[in-house]
Amino acid sequence: MKLLRATLIFILISCYSSTFANVFSPNNKQEENPATQQITHFLDSSVYLRNSSIDKSIAICQKAIEMAEETQDPKLLSKAYKTQGINYYISGTTDSAFLYYNKAIPQFEALNSKSDIGKVLGNIGLLYKRQAKYDMALEYYLRNLNIYKEIDYREGLGSVFNNLGNLYYLQENLTTAESYYQLALSNFKNFKNSKEIANAYCNLGAIAEQNKNFTKSLDLYTQSLHENSKVGDVLFDSKLLFNIGYLYHSQNILDSATVYVKKAEKIRIQIGDKHGLISAKLELARIAMSERNTYLAEKYLQEADQLAVKNNMLKWRSEILNSLTNIYREKQDFKEAFVSQSKMIQVNDSLNKISSNNRFSELSIAYETEKSQQELELLQQKSQIQHLELAKKNSWLIILTIVMILGALAIMVSLRINRLRADHKIMDLRQKVLLTQMNPHFLFNSLTAIQSFILDKKNEEANNYLSRLASLVRGILENSREEFVSLRTELETLRDYIGLQKLRFENEISYEFEIDKNIDQDQVLVPPMLAQPFVENALVHGMLRTNPNAQIQVKISLNKNMDLLRFQIKDNGIGIDEAKKNRQNRNHKSVATSIALDRVKIYNFKSAKKMKFEIIDLKHQDPKLQGTLVCYSIPINLNGYKS
């Protein structure tokens, strides 16, 4: 059940964000103006209604917006736009959420409320994450983080850590995701934010579940329930109860699974959460199927289908009809199976048509609404201008023009500064890469070796060593300025490096380059000197320099689909596990390997196609073997084209 599983993952990972906190402080003094009091009342009611009816929440917030636009008060407009943006996010109407968040930002700027600007930027990042545009999500999260650091808003850092954890979770980097969730939890505890503590426990429970640590996951979900009881968020309660039921189902503890999912179902009936109610009935049907109770499973699916039909929820209908088809096949009721499958095909055809029209319709409605508001504002302005003197009109036009120009310049400068910061980070990493490849210790040893050859009157060896060193240094300096170089250039630089190390160690290190004949080495591009740190580790930390039978094998091949370049660097040293022990004993950390891994992370964030990476101790594959195998795959990148 793909749609049900996707819903569960969203519940586990997103939960809520502190950026969705109530936009009002309970201690704020109410304005004396009756209109202001009415707007504030509508907005408070909109936030309260999210737990019972999101449609009603949107409708009452729209009334507040209409009244706030009449006042043109930035304080009221900013709160109203932000509240509606959150409402549309919760309802899943992404384009409308973008519209209102972008309306809220200029109002907060007029108030110079930087913390609120940061919160809205974080919310926009959540929208991009929902669309799987992770690079844009990361950009907005970092902008959010920079604002919080600038104003020393420590209480808001937890939400940013939580959002970054979500990104790493979606990249299947559970270790890094968990570390960010722990940072978020620590921050929320410092400020005794029970709602966000509950969210953090929920996210950590999702990590534990992915790691198959069901006991820990259940404990974390239970802690989340306890914290949420302090704030009384019934919608969040229903999601947690559903998660616990799903967790029990995963462990085949079916009685407990049924109890918790039914509790979630009851809450969703009370608050009118139709989507949540359908997902609960689908999960109950799955539990019944696990119990081999096809009659009960069919009953739950029929109830879910009635809800989906009544509320025109075609995506849910497709999932339900697919499940019904499978049940009828298992019962060998092929007539009903055929009917359900035929309905599912019709629903899927309708979904394909609707998906192409939905975005246009939503944008069209938003445009017409905006257009009507602009026309109304224009009529009001014309009525006012008729009562103004010509000199005053010109003055206002001049002031407005100056403000617009200054605003445009401020936006351009801000974008430029953000771009320069990003470029600075990349340049800093490139400098670190260059330093690891041309570290002073290596150059000193190389020049000392040349001096030794000269003193021993081994002119041919000295000349050979000097020639290789010059070629290597030139290659490193040239390649360090490039993001990609040809595979042939990369291999030549690597050969020079290994050759120098052979002369330096005075040990006959055997090395072999095995290149797939289908690879055009001049056309295929790769990140420069990515393999060098791992060859260096084999020579230095793998103790090949003292191994009389030292061997290094570099194998480069294509995958079956011809879209990935696979690197394998294999040595017969002491192995990665033993090398780590030696480094710990000497309190040494492999900086070159760490930077290489950072380069992989940056590549994966920037590129739609991901680079895969793996380091294996050969004794784990066969106890008789010794050494290390480094494997990584790079998406094919041709000269003149970047993936």
Side-chain angles (χ1 to χ4, degrees), residues 16-31 36 39-48 50 57-58 61-62 64-65 67-69 71-90 94 96-129 136-164 184 187-188 190-191 193 195-196 199 403 406-407 410-411 413-415 417-418:
Y16 288 106
S17 167
S18 65
T19 53
F20 285 178
N22 193 337
V23 293
F24 305 106
S25 169
N27 297 321
N28 282 351
K29 185 178 179 181
Q30 288 190 337
E31 296 288 337
T36 300
I39 293 168
T40 303
H41 172 71
F42 281 152
L43 293 177
D44 284 338
S45 300
S46 176
V47 173
Y48 177 77
R50 286 177 192 157
S57 178
I58 291 172
C61 186
Q62 192 59 43
I65 289 173
M67 293 182 66
E69 287 177 342
T71 69
Q72 287 299 302
D73 182 348
K75 185 176 181 180
L76 296 173
L77 283 170
S78 60
K79 293 176 180 178
Y81 289 148
K82 181 185 174 186
T83 303
Q84 195 71 308
I86 295 172
N87 289 339
Y88 276 118
Y89 175 89
I90 294 172
T94 304
S96 293
F98 270 120
L99 174 67
Y100 283 101
Y101 283 150
N102 284 317
K103 281 187 170 187
I105 290 176
Q107 303 301 328
F108 283 125
E109 287 175 343
L111 297 170
N112 196 29
S113 180
K114 292 189 176 181
S115 62
D116 284 305
I117 294 171
K119 290 175 184 178
V120 175
L121 291 173
N123 288 358
I124 293 174
L126 291 174
L127 290 172
Y128 279 120
K129 189 200 74 174
M136 293 297 297
L138 179 64
E139 178 184 334
Y140 275 86
Y141 291 159
L142 292 178
R143 287 172 65 183
N144 182 188
L145 182 62
N146 288 337
I147 288 176
Y148 284 174
K149 287 183 177 179
E150 178 187 342
I151 63 176
D152 197 26
Y153 181 47
R154 299 179 186 179
E155 188 172 356
L157 292 177
S159 65
V160 185
F161 293 146
N162 182 70
N163 290 338
L164 290 171
N187 177 272
F188 296 144
N190 285 340
F191 292 97
N193 189 335
K195 181 174 182 178
E196 295 303 343
N199 294 335
V403 170
L406 291 175
I411 292 172
V413 170
S414 176
L415 292 174
I417 290 172
N418 287 335

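Because the structure is predicted, anything quoted here is derived from the model rather than measured.
- Atoms NZ and OG, from Lys79 and Ser113 in turn, are 9.5 Å apart once rounded to the nearest 0.5 Å.
- The closest donor-acceptor contact from the side chain of Gln84 to the backbone of Ile58 lies under 3.5 Å.
- With a 4.5 Å cut-off on side-chain heavy atoms, Leu76 and Thr36 count as touching.
- Note that CG of Asn162 and CG of Asn199 are 7.0 Å apart. Values are rounded to the nearest 0.5 Å.
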Intermediate values then yes/no, side-chain contact (heavy atoms from CB on, under 4.5 Å), Leu164 and Leu138: CA-CA 7 Å; Leu164 290 171; Leu138 179 64; 3.8 Å; yes
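- Rounding to the nearest 0.5 Å places OH of Tyr140 at 10.0 Å from CG of Leu127.
- When every heavy atom of Ala110 is checked against every heavy atom of Pro74, the shortest pair comes out as CB-CB, 4.2 Å.
- Not a single donor-acceptor pair under 3.5 Å links the side chain of Asn163 to the backbone N or O of Leu126.
- For Tyr128 against Ala137, the heavy-atom pair with the smallest separation is CB-N, 3.7 Å.
- Residues Lys114 and Tyr153 form no side-chain contact, since every pair of their non-hydrogen atoms from C-beta on lies 4.5 Å or further apart.
- At most 12 heavy atoms of other shown residues, nucleotides or ligands fall within 6.0 angstrom of atom OH in Tyr48.
- Once rounded to the nearest 0.5 Å, the distance linking NZ of Lys82 with NZ of Lys119 reads 5.0 Å.
- Side-chain contact between Ser78 and Leu111 is present, with at least one heavy-atom pair separated by less than 4.5 Å.
- For the pair Leu142 and Val160, the minimum side-chain heavy-atom distance is 4.5 Å or more.
- Between the CD1 atom in Ile105 and the CD1 atom in Ile124 there is a gap of 4.0 Å [rounded to 0.5 Å].
- Closest non-hydrogen pair, Phe42 versus Met67, comes out as CE1-SD, 3.6 Å.
- When side chains are defined from C-beta on, Ile39 does not count as touching Asp73, because their heavy atoms never get closer than 4.5 Å.
- Across every non-hydrogen atom of Leu43 and Cys61, the tightest pair is CD2-SG, 3.9 Å.
- A side-chain donor from one of Arg50 and Asn87 sits under 3.5 Å from a side-chain acceptor of the other.
- Heavy-atom minimum distance, Asn187 versus Gly158: OD1-N, 3.2 Å.
- Residues Asn123 and Tyr89 have side chains not in contact (no heavy-atom distance under 4.5 Å, counting atoms from C-beta outward).
- Centroid-to-centroid, the aromatic rings of Phe108 and Tyr101 stay 6.0 Å apart or farther.
- Distance check, rounded to the nearest 0.5 Å: OG of Ser115 to CD of Glu155 gives 10.0 Å.
- A side-chain donor-acceptor contact under 3.5 Å links Ser45 to the backbone of His41.
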Please assess Tyr141 against Lys129 for the test side-chain contact (heavy atoms from CB on, under 4.5 Å), listing each intermediate value before the final yes or no. CA-CA 10 Å; Tyr141 291 159; Lys129 189 200 74 174; 3.9 Å; yes
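- Between Tyr81 and Tyr100, the angle of the ring planes lies from 30° to 60°, which puts this pair in the tilted group.
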